[in-house]
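The block underneath contains the structure these notes are about, expressed in structure tokens.
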Protein chains: 2
Amino acid sequence: MKLTARSEYALLALIYLGRQPADLLVSAETVAIAQGIPPKFLEQIFLSLRRAKYLRSTKGHRGGYQLARRPTEINLAEVVRLFDGALAPTESASRHFYEPTPIEKEEKLLDLFKDIRDWVSARMEATTLADML
Amino acid sequence: MKLTARSEYALLALIYLGRQPADLLVSAETVAIAQGIPPKFLEQIFLSLRRAKYLRSTKGHRGGYQLARRPTEINLAEVVRLFDGALAPTESASRHFYEPTPIEKEEKLLDLFKDIRDWVSARMEATTLADML
DNA sequence: AATAAAACCTACTAAATCGGTAGGTTTTAT
DNA sequence: ATAAAACCTACCGATTTAGTAGGTTTTATT
């Protein structure tokens, strides 16, 4: 139950960009060095973030990245979901294909997990990039 | 961010045992069939649960397992931790050895994660096996 | 005493995931 | 023309995960 390096790095990079002037273009390399992220790995992460419309990019010399949304409009839940999928343990890890998972028959357990998932989602949805700056 | 099959199966098995008369010995095989768990896999899980004092076992013919504690005294947080380790994302997934992890420099992010971890822990610690029956 | 049912224990394995690297191409300001 | 940047895809080694295999020991029952 932890974040992957991908989503952790994504958050760190977004926070860094959030601290820069909104119109400044910053290279992935610069962010990588500033936040201690392996540069080629961050490149991949930025590709995903751009495709998901969190970042805008400008190609070529003097190009770089900038936030595509205001920090108040980027909530952390979405970012983490982009890389790690769902936020809490509702999906079963066990291998059941056509039959219902055994856990699905234990309603109270399922309710607990849903409760946790909902709370974690709500907490992270309520937190925006702006709150991290 | 999901449970492993191990802890999920452990919970399902404990719930099943919790529903049986406290003094009844139930074989791992019986529990496996009832809850849809691969029998040899459950055997391993029961070994851990016994060593961690959640179960008592009786060997030989007509032997089996029974809860070693009352259902009100088994909280779900402990069980999950036994198999999956810590409950929420505070440890960093990225590889940093001597230097502080970059995330540690982002205090607000760290605070958020701690907050989530604490809430999830508290929620699961407050929930006992008895609540599932 | 023989059998069978059960716990006990350890090693293994196939698949998936993860964290990261490699190696290019294309675009564009200088 | 050059260099700096984004873009893109494939790969790779390590670890974790989910489960299997194959025994041994113990004990109630016959």
Side-chain angles (χ1 to χ4, degrees), chain A residues 1-10 12-13 17 24-33 36-52 54-66 68 80 83-86 89 91-97 101-103, chain B residues 1-10 12-13 17 24-33 35-52 55-66 68 80 83-86 89 91-97 101-103:
Chain A
M1 298 213 21
K2 61 167 79 153
L3 298 185
T4 61
R6 273 187 161 76
S7 58
E8 195 181 304
Y9 288 151
L12 290 173
L17 288 173
L24 182 66
L25 288 169
V26 186
S27 73
E29 176 82 11
T30 301
V31 178
I33 289 166
I37 303 170
K40 293 293 276 181
F41 197 26
L42 184 60
E43 239 183 61
Q44 284 186 8
I45 293 165
F46 272 6
L47 275 187
S48 301
L49 287 173
R50 182 192 44 109
R51 286 173 182 151
Y54 294 100
L55 296 180
R56 263 198 311 260
S57 66
T58 305
K59 292 198 258 192
H61 197 168
R62 295 280 171 119
Y65 293 90
Q66 56 196 159
V80 171
F83 294 99
D84 294 2
E91 330 153 49
S92 177
S94 56
R95 300 172 177 171
H96 294 269
F97 305 100
T101 344
I103 203 172
Chain B
M1 299 213 23
K2 61 167 76 150
L3 299 185
T4 61
R6 272 186 161 77
S7 57
E8 195 180 304
Y9 289 150
L12 291 174
L17 289 174
L24 181 66
L25 287 170
V26 186
S27 73
E29 177 82 10
T30 302
V31 178
I33 289 165
Q35 295 291 56
I37 302 171
K40 292 294 276 181
F41 197 24
L42 184 60
E43 239 184 60
Q44 285 186 6
I45 292 164
F46 272 6
L47 274 188
S48 301
L49 286 173
R50 182 191 45 109
R51 287 173 182 151
L55 296 181
R56 263 197 312 260
S57 66
T58 304
K59 291 198 259 193
H61 197 168
R62 295 279 171 119
Y65 294 92
Q66 55 195 159
V80 171
F83 295 98
D84 295 3
E91 331 152 49
S92 177
S94 56
R95 300 172 176 171
H96 295 269
F97 305 98
T101 344
I103 204 172

Side-chain N or O of B/S57 less than 4.0 angstrom from OP1 or OP2 on C/dC8? yes

What contact category does A/Q44 fall into here, base, sugar-phosphate, or nothing, at under 4.0 angstrom with non-hydrogen atoms? base

Round to a whole Å and report the spacing from CG of A/L25 to P of D/dA4. 17 Å

G-U wobble or Watson-Crick pairing nucleotide for D/dT30 (cut-off 3.5 Å, both distances): C/dA1

Closest listed nucleotide, where the reference is the side chain of B/R51 and the choices are D/dA5, D/dC8, C/dT10: C/dT10

In whole Å, what is the span from the CG atom of A/L47 to the P atom of D/dC8? 6 Å

Just compare D/dT17, C/dG20, D/dA6 and give me whichever is closest to any side-chain atom of A/A28. D/dA6

Select base, sugar-phosphate, or nothing to describe what B/E43 touches, counting heavy atoms under 4.0 Å on all strands. base

Base partner of C/dA29, which must satisfy Watson-Crick or wobble distances under 3.5 Å: D/dT2

Just to be sure I understand the rule, does A/R6 reach a base, reach only the sugar-phosphate, or reach nothing, if contact means heavy atoms closer than 4.0 Å? base

Is there a side-chain contact between B/R6 and B/F41, using heavy atoms and a 4.5 Å cut-off? yes

Between CG of B/L42 and C1' of D/dT20 the distance, given in whole Å, is 14 Å

Contact nearer the 5' end of DNA chain D, comparing B/F83 with B/H61: B/F83

Step by step, work out the side chain to side chain contact (heavy atoms under 4.5 Å, CB included) result for A/F46 and A/L17. CA-CA 12 Å; A/F46 272 6; A/L17 288 173; 4.2 Å; yes

Can you say whether a donor on the side chain of B/K40 sits under 3.5 Å from an acceptor on the base of D/dG22, or the other way round? yes

Atom-to-atom span, CD1 of B/I45 to C1' of D/dT17 - whole angstrom: 12 Å

Within a strict 4.5 Å, meaning less than it, do heavy atoms of the B/Y9 and B/P38 side chains meet? yes

Length of the line joining A/Y65:OH and C/dT28:P, which is rounded to integer Å: 14 Å

Counter-base of C/dA16, judged by Watson-Crick or G-U geometry with both distances under 3.5 Å: D/dT15

For a quick test of reading the model, state the closest non-hydrogen atom pair linking B/L55 to B/A68 and the distance between them. C-CB, 3.6 Å

With rounding to the nearest 0.5 Å, note down the distance linking OG in B/S27 to OH in B/Y65. 9.5 Å

Rounded off to whole Å, could you give me the NZ-to-C1' distance for the B/K59 and C/dC8 pair? 7 Å

Once you apply a heavy-atom cut-off of 4.0 Å, does B/G60 come out as touching a base, just sugar-phosphate, or nothing? base

To the side chain of B/T4, which of D/dC7, D/dA18, D/dG19 is closest? D/dA18

Take the protein atom CZ of A/F41 and the nucleotide atom C1' of C/dC18, then report the distance between them rounded to whole Å. 8 Å

Going by heavy atoms in the side chains, are B/E29 and B/I33 under 4.5 Å from each other? yes

Start at the 5' end of DNA chain C and walk down; is the nucleotide closest to B/T30 or to A/R62 reached first? B/T30

What does D/dA21 pair with, Watson-Crick or G-U, if both distances are under 3.5 Å? C/dT10

Given atom CD1 of A/I37 and atom P of C/dC18, what is their separation to the nearest angstrom? 18 Å

With a 4.0 Å cut-off on heavy atoms, is B/R56 in touch with a base, just the backbone sugar-phosphate, or nothing at all? nothing

